[in-house]
Amino acid sequence: MSDKTSLHQRLDDLDVKISKALTHLEEKKLWNFGHHLSSGQLKARYAFLKEQIDHEAHDAEVHGHHVGNLERSVMEWVAGLEIHG
């Protein structure tokens, strides 16, 4: 697989994740929990997300794919949505 094909596949994978996340957001608009997270819960979620994204980025880089700031930001955004159910 060429680098160009690999990049296109990674972008396609991100597109699928973004589409799923947007669908999740639309569905979530129907929910109204009225729940607010404490600072401790927010810190724990941030630590979990950071570890998860660092692991995913490391795996991609082990396979020779550079993970830039934009890709990392999208990964963080999608992971943040997924953690909320």
Can you spot which of Glu71, Glu51, Met75 makes a side chain to side chain contact (heavy atoms under 4.5 Å, CB included) with Glu56? Met75

Going from [atom1] on [X] to [atom2] on [Y], what distance comes out if it is rounded to the nearest 0.5 angstrom?
X     : Y     : atom1 : atom2 : value
His24 : Leu22 : NE2   : CG    : 11.0 Å
Leu14 : Ile18 : CG    : CD1   : 6.0 Å
Gln9  : His65 : CD    : NE2   : 10.0 Å

Would you sort out whether Val78 and Val74 count as a side chain to side chain contact (heavy atoms under 4.5 Å, CB included), showing the intermediate values? CA-CA 6 Å; Val78 170; Val74 171; 4.3 Å; yes

With a 4.0 Å cut-off on N to O distance, would you call Asp13 and Lys17 a salt bridge? no

Between Glu76 and Leu49, is any pair of side-chain heavy atoms under 4.5 Å apart? no

In terms of side-chain heavy atoms, does His55 have a donor or acceptor partner in Asp59 at a distance below 3.5 Å? yes

